[in-house]
Amino acid sequence: MSRFLSPAAQGLTPYIPGEQPQDRRYIKLNTNESPYSPSPKVLKAIAGEAGGSLRLYPDPESRRLGAAAAKYYSLAPEQVFVGGGSDEVLAYAFMAFFQQGDPVCYPDITYGIYQVYARLFHLDSRIVPLREDFALDPESFSGQRGHIFLANPNAPTGLCLSPREIEEILRQDTDRLVVVDEAYIDFAGGMTCLPLLERYGNLFIVRTFSKSRALAGMRIGLGLGSREVIEDISRVNFSFNPYNLSRTSMAAGIAALEDEEYFRELVDTITATRDRALEQLGEMGFPALPSRANFLFVHAGPLGGRELYRALKEWGILVRYFDKPRIDRYIRVTVGTDQEMDVFLGTLRDIYANLNE
Ligand SMILES: *Cc1c(COP(=O)(O)O)cnc(C)c1O
């Protein structure tokens, strides 16, 4: 720590990203990236852009990508905000809509960045407990005053609320903004609450190209909402980081939206691998929650989360564990290729077989 660090910055609790190791090759099942490359058309678009006009600033309004996304989701271009990853979109939502004195509501077990941002912006948190089985009861938000952050499907559980349940939360209080982080919704099969945008001005949906579109390295996120909400988010964006998306990212995003066939194939492959691995884990005595995402939340057995994480790492497999009450006996395992999942399942079997000898 330097002697210049402000008291406010000293009080921060930064987000701890999953490891991106450089020391050796791992089977990397720890940060919910895609095991597959993006579409060849995306790679071509990136190369084309790189060979073109990188000396010029990108369009600060990301209009071409915004228009492509609007068309893709059947929205007006003014209902789409384009951000440098969805984490940035979430940060702008905090900056635009939360004021000190108002609490921010989110479940006790969810994506860690909500709490990080709540602290960064000096907001009180109202933490809503999930049920014993990790399901979210929509009723638990009723009577809560603050704006709400929800990951749907939730992380790290993979459980998903139906659009009807999201609607229930939206209706409880239409003066409360409900931010639904749909980072994993493409793996959930028709569960998006996008159709509710038409009727609920208090809904703001956040999407990312990092997971289902295999573009975590390009940092592309979307915010979808009413024209007014998008205008507010843009206002904050232009007060902070106007050129938030690179030219290559925009080109990649447009090409990704255009290659629907490739996208469908990726999603279908990953969900099939997920469902097969889920079944096999059950047969092996490691129950996992019924995930609608591209990861599995797996009970770690007698070793517990941290120890199983360590054992797997020794064998060259990276997963995520959580030093947190209620979930410290679980690991979160990204769905890799079929082959990677077979290695994971075999290693899990070996670790416990050795333990019992
Ligand atoms: C991965 C993830 C994000 C962040 O995605 P980026 O677009 O890469 O910033 C946001 N929300 C949830 C729930 C995630 O798991």
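Every number for a ligand or one of its atoms is a count from 1 in the order of the listing. Keep in mind it's a predicted model, so treat the numbers as computed, not measured.
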Check: Touching ligand 1 at all, E88? Heavy atoms, strictly under 4.0 Å?
Finding: no
One finds that the ligand 1 atoms under 4.0 Å from a non-hydrogen atom of G85 are 7 (O), 9 (O)
- Query: Taking the non-hydrogen atoms of N32, is any one of them nearer than 4.0 angstrom to ligand 1?
  - Reply: no
Looking only at the aromatic ring of each residue, does the gap between the centers of Y117 and Y106 stay below 6.0 angstrom?
no
(request) Please examine the side chains of I16 and D323, heavy atoms only from C-beta on, and report whether any two atoms are closer than 4.5 Å. (result) no
- Query: Given the side-chain rings of F286 and H299, with only the six-membered ring counted for Trp, is the space between their centroids under 6.0 Å?
  - Reply: no
Result for side chain to side chain contact (heavy atoms under 4.5 Å, CB included) between R310 and one of R306, E314, K313 points to R306
Answer yes or no: does an N/O atom from D87 fall short of 3.5 Å to an N/O atom of ligand 1? yes
- Any nitrogen or oxygen of Y184, main chain or side chain, under 3.5 Å from a nitrogen or oxygen of ligand 1? yes
If we number the atoms of ligand 1 from 1 as shown, the ones under 4.0 Å from a heavy atom of R219 are 6 (P), 8 (O), 9 (O)
- Polar proximity ligand 1 side, Y114 side, N/O cut 3.5 Å exclusive: no
Honestly, for S210 the part within reach of ligand 1 (heavy atoms, under 4.0 Å) is side chain
Near T208 (heavy-atom distance under 4.0 Å), the atoms of ligand 1 are 5 (O), 6 (P), 7 (O), 8 (O)
Row check, Y26 ring normal vs R24 NZ/CZ: under 6.0 Å, within 45°: yes
task = Check whether NZ of the Lys or CZ of the Arg R213 lies under 6.0 Å from the centre of the six-membered ring of F263 and within 45 degrees of that ring's axis.
result = yes
